[in-house]
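Okay, so here's the structure we're looking at.
The basis for the numbers below is simple: all heavy atoms, side chains too, and nothing from hydrogens, waters or symmetry mates. Computed from a prediction, not measured in an experiment: that's the story for all the values here.
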Amino acid sequence: MVDRLAALMAHFPVSAQVFNAGALCGINTLQSDGVHGQLHLVRSGAVEVRYGRESLQLERPSLLLFPRPLTHRFVTDSERGADMVCANLSFEGGAGNPIASALPDVVCLPLADVDGAEPVLTLLFEEAFEERCGRVALVERLFEVVMIQVLRQLMESGDVQGGLLSGLSHPRLRNALVAMHEAPAQEWTLDELAHVAGMSRSVFATTFRETVGITPGHYLQGWRVRLAQKALRCGRPLKVIATEVGYGSEAALSRAFKAQSGQSPRQWKAASLAAAKA
């Protein structure tokens with residue numbers, strides 16, 4: 001089986017910064033900072049989670065993922081509280097990160113349901129609640145491992161309907177998606193992508209649109225533009241970027257860029273730099 005996450009994680013990794021390891025008692029509100037997602041691991045204790053007009057009741061050890069900035073509140077027993085380890089998540093590319101944007105607003109899973117996570121979680125909790133040298137750095141790396149395990153779980157279970165993760169869950173479409181991720185500069189035609197997927201041209205086009213929610217051509221354009229945005233943030237010249245992501249000229253890339261983002265590469269870069277300084 002092809003590695004469905006390799007190219008995604010290589011281009012758009014996620015990093016974690018731990019901000020809580022211990023008991024949370026009573027009412028705790030976590031305000032959105034407009035930048036980070038959050039991942040919470042509940043080791044023990046009952047927790048009511050409120051966000052917007054929704055609420056969840058956690059009665060057993062669970063994982064709670066907010067892939068995008070979202071204010072939420074924890075309500076626990078005022079004396080016993082709940083033992084939790086919490087981290088902010090930084091997705092490369094921010095709101096344009098294809099993984100973060102493909103996830104639901106909230107993912108809640110019992111820890112026991114995340115395949116293969118038990119040894120990682122055991123070590124994570126052991127380190128988080130002990131005063132050991134290098135514990136924070138180790139726990140943050142383990143959070144990143146847990147994120148990969150969550151993505152695996154969501155793909156294998158097929159619980160996410162529509163979008164990238166739904167496509168990566170499909171036994172045939174996944175091959176075409178990985179091919180686009182790994183070789184964005186290739187001049188992919190619909191016939192070639194259908195061949196990679198092992199499907200007829202018409203069945204592939206219909207299945208892709210119904211599963212992912214957009215056409216293969218539109219997905220490929222979006223992937224190329226995301227890579228171009230990442231390269232622009234790194235200060236690479238547009239002419240070089242155009243070749244790297246599969247466009248024959250700056251003009252062709254600019255047209256695709258504007259179709260996807262509503263801005264020219266120059267406008268987008270200026271806005272991105274201004275937002276970073278704000």
(message) Set out, in order, the CA-CA distance, both residues' side-chain angles and the distance that settles side-chain contact (heavy atoms from CB on, under 4.5 Å) for Ser55 and Glu48, then state yes or no.
(response) CA-CA 7 Å; Ser55 67; Glu48 181 185 359; 4.1 Å; yes
(message) Testing Leu64, Leu63, Val85 one by one against His40 for a side-chain contact (heavy atoms from CB on, under 4.5 Å), which residue passes?
(response) Leu64
(request) Using the six-membered ring of Tyr51, assess whether NZ or CZ of Arg73 lies under 6.0 Å from its centre and within 45 degrees of the ring axis. (result) no
(message) For the CZ atom of Phe12 and the CG atom of Leu5, what is their distance to the nearest 0.5 Å?
(response) 14.0 Å
(message) So, taking the atom named CE in Met155 and the one named CG in Leu165, what distance separates them when rounded to the nearest 0.5 Å?
(response) 7.0 Å
(message) Please determine whether residues Ile214 and Val245 belong to a single hydrophobic cluster, defined as Ile, Leu, Val, Met, Phe, Trp and Tyr linked transitively by side-chain heavy-atom distances below 4.5 Å.
(response) yes
(message) Which residue is it: Lys230, Arg233, Arg226? I am looking for the one with a salt bridge (charged side-chain N to carboxylate O under 4.0 Å, His left out) to Glu92.
(response) Arg233
(request) Return the set of residues passing side-chain hydrogen bond (donor to acceptor under 3.5 Å, both in side chains) with His170 (not counting sequence neighbours), or none when no residue passes. (result) none
(message) Counting only heavy atoms not in Arg80 (residues, nucleotides, ligands), do more than 12 fall under 6.0 Å from its CZ?
(response) no
(message) So which atom in Ala271 and which in Gln263 form the shortest heavy-atom distance, rounded to 0.1 Å?
(response) CB-NE2, 4.0 Å
(request) Would you mind checking if Glu126 and Arg132 are paired as a salt bridge, meaning a charged N to carboxylate O distance below 4.0 Å? (result) yes
(message) Are Arg172 and Phe208 packed together at the side-chain level, in the sense that at least one heavy-atom pair is separated by less than 4.5 angstrom?
(response) no
(request) Kindly determine whether Phe125 and Leu142 satisfy side-chain contact (heavy atoms from CB on, under 4.5 Å), including the steps that lead there. (result) CA-CA 10 Å; Phe125 286 132; Leu142 292 172; over 6 Å; no
(message) I'd like to check Leu89 versus Leu65 (side-chain heavy atoms, cut-off strictly below 4.5 Å). Are they in contact?
(response) yes
(request) Using the side-chain contact (heavy atoms from CB on, under 4.5 Å) rule, take Phe91 and His36 through it: C-alpha gap first, then chi angles, then the decisive distance, then the call. (result) CA-CA 8 Å; Phe91 290 90; His36 297 97; over 6 Å; no
(message) Test your reading of the model: is there a side-chain donor-acceptor pair from Trp188 to the backbone of Ala183, 3.5 Å cut-off?
(response) yes
(message) I'd like to know if Arg4 pairs up with Glu156 as an ion pair, taking the criterion as any Lys NZ or Arg NE/NH1/NH2 lying under 4.0 Å from an Asp or Glu carboxylate oxygen.
(response) yes
(request) Flag the pair Ser254 / Ser264 as yes when at least one side-chain heavy-atom distance between them is below 4.5 Å, and no otherwise. (result) no
(request) Go through the side-chain N and O atoms of Glu140 and Gln17 and say whether any donor and acceptor fall under 3.5 Å apart. (result) no
(message) Looking at Glu187 and Gly246, would you say the former's side chain and the latter's main chain have a donor-acceptor pair under 3.5 Å?
(response) no
(request) Calculate, to the nearest 0.5 Å, the distance between atoms CG and CG belonging to Leu154 and Leu103 respectively. (result) 6.5 Å
(request) Rounded to the nearest 0.5 Å, what's the gap from CG on Leu253 to CD on Glu244? Could you check? (result) 10.5 Å
(request) Just jot down the side-chain hydrogen bond (donor to acceptor under 3.5 Å, both in side chains) partners of Thr71, sequence neighbours excluded, or say none. (result) Gln31
(request) Check the pair Phe129, Val139 against side-chain contact (heavy atoms from CB on, under 4.5 Å), reporting the backbone distance first and the verdict last. (result) CA-CA 10 Å; Phe129 291 95; Val139 171; over 6 Å; no
(message) Within the structure provided, determine whether Pro61 and Val42 are in side-chain contact (heavy-atom separation under 4.5 Å).
(response) no
(request) Report the relative orientation of the aromatic rings in Tyr219 and His181; use parallel for angles under 30°, tilted for 30 to 60°, perpendicular for over 60°. (result) tilted
(request) For the residue pair Phe66 and His72, categorise the inter-ring angle as parallel (less than 30°), tilted (30 to 60°) or perpendicular (more than 60°). (result) parallel
(message) Before you tell me yes or no, could you show the steps for Arg43 and Ser62 under side-chain hydrogen bond (donor to acceptor under 3.5 Å, both in side chains), namely the whole-Å CA-CA distance, both residues' side-chain angles and the distance that decides it to 0.1 Å?
(response) CA-CA 7 Å; Arg43 183 172 72 163; Ser62 298; over 6 Å; no
(message) Assigning hydrophobic clusters by single linkage (Ile, Leu, Val, Met, Phe, Trp, Tyr; side-chain heavy-atom cutoff under 4.5 Å), is Leu56 placed with Leu111?
(response) no
(request) Give a yes or no on whether the backbone of Ala231 and the side-chain of Arg236 come within a donor-acceptor separation of less than 3.5 Å. (result) no
(request) Determine whether Gln229 and Trp268 make a side-chain contact, defined as any pair of heavy atoms from C-beta on separated by less than 4.5 Å. (result) yes
(request) Considering non-hydrogen atoms only, spot the tightest contact between Gly167 and Leu177 and give its length. (result) C-CD1, 3.5 Å
Please report, to 0.1 Å, the donor-acceptor pairs under 3.5 Å made by any side chain of residues 195-205, with sequence neighbours excluded.
from, atom 1, to, atom 2, distance (Å)
Ser200, OG, Val203, N, 3.2
Arg201, NE, Asp191, OD1, 3.0

(message) Give me the atom names and distance for the closest heavy-atom approach of Gly34 to Pro69.
(response) C-CG, 3.5 Å
(message) Whether the side chain of Ser101 engages the backbone of Pro98 through a donor-acceptor N/O pair (distance < 3.5 Å, no angle test) should be reported.
(response) yes
(message) For Leu227 versus Pro184, what's the shortest heavy-atom pair and its separation?
(response) CD1-CG, 3.5 Å
(message) Using 0.5 Å steps for rounding, measure from the CD1 atom of Ile99 to the CG atom of Leu164.
(response) 8.0 Å
(request) Check whether any side-chain heavy atom of Leu58 sits under 4.5 Å from a side-chain heavy atom of Cys108, and report yes or no. (result) yes
(request) Find out if a path of hydrophobic residues (ILVMFWY) with successive side-chain heavy-atom gaps under 4.5 Å connects Val145 to Val14. (result) yes
(message) How close do Gly81 and Cys25 get, counting heavy atoms only, and between which atoms?
(response) CA-SG, 3.8 Å
(message) Keeping Glu192 on the side-chain end and Thr189 on the backbone end, is there a donor-acceptor pair under 3.5 Å?
(response) yes
(request) Taking all heavy atoms of Ala256 and all of Tyr247, pick out the closest pair and write down the distance. (result) CB-OH, 3.3 Å
(message) Any carboxylate oxygen within less than 4.0 angstrom of a Lys/Arg side-chain nitrogen, looking at Arg152 and Asp115?
(response) no
(request) Say whether, by atom type as modelled, one donor and one acceptor occur between the side chain of Ser78 and the main chain of Gly26 under 3.5 angstrom. (result) no
(message) Is the shortest side-chain heavy-atom distance between Pro13 and Glu144 below 4.5 Å?
(response) no
(request) Kindly indicate whether the side chain of Ser90, heavy atoms from C-beta on, has any atom under 4.5 Å from the side chain of Ser15. (result) yes
(message) Nearest 0.5 Å, please: how far is OG in Ser32 from CG in Leu70?
(response) 7.0 Å
(message) Does Glu79, at its CD atom, have more than 12 non-hydrogen atoms belonging to other residues, nucleotides or ligands within less than 6.0 Å?
(response) no
(message) Please determine whether residues Leu123 and Met84 belong to a single hydrophobic cluster, defined as Ile, Leu, Val, Met, Phe, Trp and Tyr linked transitively by side-chain heavy-atom distances below 4.5 Å.
(response) no
(request) Check whether Val160 and Leu109 end up in the same hydrophobic cluster, where Ile, Leu, Val, Met, Phe, Trp and Tyr are linked by side-chain heavy atoms less than 4.5 Å apart. (result) yes
